[in-house]
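No experiment lies behind these values; they were computed from the predicted model shown. All residue numbers in this chain count up from 1 along the given sequence.
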Amino acid sequence: MSTHQASTSRASNRPSWHGFETRSMPEVPSWIETLGRSGYVAKGVVYFIIGFLAFKLAIGAGGEISGSREAIQEIGQQPFGRLLLGLVAIGLLGYTAWRWVQAAKDTEGEGRELKGIFKRIGYVISGLTYLALGGYAGSMALGLTSSSGNSQGGPGSWLLDSTWGRIVLAIAGVITIGVAFYLVYKAYQAKFMTKYDLGAMSETTRTIALHVGRMGLSTRGIAFAIIGTFITISAVQGTSDGEIAGMSDALAAIASQAYGKVLLGITGFGLMCYAVHSMLLGWFRKFNVG
């Protein structure tokens with residue numbers, strides 16, 4: 001067997017590579033494939049901008065510490081910004097729909113066991129996050145929101161105004177930390193490789209997919225751990241500005257450490273790797289289209 005091409009498992013007739021075998025996916029209609037692919041690419045664009053701006057700042061070439069919303073604003077400032085924002089909004093809303101379809105139709109084959117149910121609930125929550133981001137991009141594309149305007153308090157900041165809200169926020173913080181550990185575990189296991197149509201990928205593309213996936217998921221996991229810690233602290237102590245921590249806060253925390261620019265550069269590169277990972281899923285992910 002050549003190491004430069006994916007082999008085929010005799011038992012399943014599915015492509016395999018270095019111990020990774022393309023998973024058997026439940027059958028889905030073609031419109032779900034379109035939603036998923038466009039969504040992965042749009043998500044990749046947002047993360048690439050976040051990582052690129054952080055990396056530029058680290059090497060002294062401009063750039064800034066930014067989160068998802070700042071990345072959307074950066075897109076709006078480019079030539080044909082509104083058109084680009086419209087495309088990103090469509091992609092992110094498509095990703096939202098894809099996450100909800102993943103939960104409702106169990107496209108990943110998670111099943112009805114407790115572990116599978118928790119994963120599917122996670123897809124719903126993830127969809128809500130990208131719904132907010134896609135709506136923000138869409139409102140900017142339509143001129144309903146200013147790229148320079150800052151609203152009073154960030155999304156969900158109203159949770160800080162009540163005891164029950166803070167309890168919900170604390171739970172969200174703990175869950176975010178749990179997700180962080182899960183992301184690092186996913187990076188180590190590299191089971192994301194089983195979602196690819198390995199037979200359609202070259203040896204070089206498979207190798208890139210493996211390495212950027214591991215680097216990207218690990219980096220995102222570290223960022224989520226910091227965000228989750230900040231959210232939990234906010235729930236207990238409150239915040240001076242009434243805002244809840246996000247990706248920009250995690251990057252700022254990394255930059256404030258000893259050798260902060262080096263760490264920020266590594267983190268920025270890692271987030272760009274995650275962006276490439278997401279885009280590769282958009283291109284090569286296996287969909288069992290009926």
Side-chain angles (χ1 to χ4, degrees), residues 40-81 84-85 87-88 91-92 129-130 133 136-137 140 147-150 154 176 179-181 183-184 186-188 190 192 204-231 241 243-283:
Y40 279 124
V41 172
K43 179 183 175 184
V45 168
V46 172
Y47 269 94
F48 191 87
I49 292 172
I50 296 172
F52 181 67
L53 291 176
F55 187 78
K56 280 182 67 180
L57 182 62
I59 64 175
E64 61 182 345
I65 291 175
S66 66
S68 300
R69 291 197 166 214
E70 290 83 2
I72 294 295
Q73 292 168 11
E74 183 72 18
I75 294 171
Q77 293 168 8
Q78 306 308 309
F80 305 103
L84 294 174
L85 282 171
L87 294 174
V88 169
L92 290 173
T129 301
Y130 288 100
L133 192 59
Y136 181 67
M140 282 189 63
S147 62
S148 58
N150 293 321
T176 302
V179 170
F181 282 104
L183 287 171
V184 174
K186 275 181 65 177
Y188 174 74
F192 55 84
T204 300
T205 305
R206 290 191 291 267
T207 302
I208 291 172
L210 176 62
H211 292 311
V212 298
R214 278 183 161 158
M215 178 69 178
L217 286 167
S218 297
T219 304
R220 194 168 178 238
I222 292 169
F224 268 46
I226 297 171
I227 292 169
T229 301
F230 282 172
I231 290 174
D241 57 5
E243 294 198 9
I244 297 172
M247 183 64 74
S248 59
D249 300 283
L251 293 174
I254 290 169
S256 68
Q257 305 305 308
Y259 305 102
K261 282 200 171 184
V262 174
L263 295 174
L264 186 62
I266 294 171
T267 303
F269 178 76
L271 291 174
M272 287 190 285
C273 285
Y274 182 75
V276 174
H277 165 69
S278 186
M279 291 178 184
L280 284 172
L281 281 171
W283 189 263

* Measure the OH-CG distance between Y188 and L217 for me, rounded to the nearest 0.5 Å. => 15.0 Å
* Asked: Looking at residues at least two apart in the chain, or sitting in another chain, which of them share a side-chain contact (heavy atoms from CB on, under 4.5 Å) with A250?
  -> A223, I226, I227
* **From CD1 (I222) to CZ (F181), nearest 0.5 Å** => 10.5 Å
* Do the side chains of M279 and V45 get nearer than 4.5 Å, heavy atoms only? -> yes
* Asked: Do the non-hydrogen side-chain atoms of V46 and L133 ever get within less than 4.5 Å of each other?
  -> yes
* **Distance in Å, L210 CG paired with L280 CG, rounded so as to fall on 0.5 Å steps** => 11.5 Å
* Structure fact -> Applying side-chain hydrogen bond (donor to acceptor under 3.5 Å, both in side chains) to T205 and not counting sequence neighbours gives S202
* Any pair counted as side chain to side chain donor-acceptor pair (under 3.5 Å), so long as it reaches residues 50-60, sequence neighbours left out -> none
* Go through the structure and list residues passing side-chain hydrogen bond (donor to acceptor under 3.5 Å, both in side chains) with Q78, not counting sequence neighbours. => E74
* **Heavy-atom neighbours of F192 CZ exceed 12 at 6.0 Å** => yes
* To do: Rounded to the nearest 0.5 Å, what's the gap from CD1 on I50 to CG on L251? Could you check?
  => 7.5 Å
* Asked: Between I72 and V88, what is the shortest heavy-atom contact and its length?
  -> CD1-CG1, 4.0 Å
What donor-acceptor contacts under 3.5 angstrom involve side-chain atoms of residues 266-278, with partners at least two apart or in another chain?
{"unit_1": "T267", "atom_1": "OG1", "unit_2": "L263", "atom_2": "O", "d": "2.8"}
{"unit_1": "Y274", "atom_1": "OH", "unit_2": "K43", "atom_2": "NZ", "d": "2.7"}
{"unit_1": "Y274", "atom_1": "OH", "unit_2": "R220", "atom_2": "NH1", "d": "3.0"}
{"unit_1": "S278", "atom_1": "OG", "unit_2": "Y40", "atom_2": "O", "d": "2.7"}

* Nearest-0.5 Å distance, CD1 of residue I65 to CG of residue D249 -> 9.5 Å
* T176 side, atom OG1; F224 side, atom CZ - distance, nearest 0.5 Å -> 7.0 Å
* Structure fact -> Residues at least two apart in sequence or cross-chain that pass side-chain contact (heavy atoms from CB on, under 4.5 Å) with A225, listed by chain then number, are A180
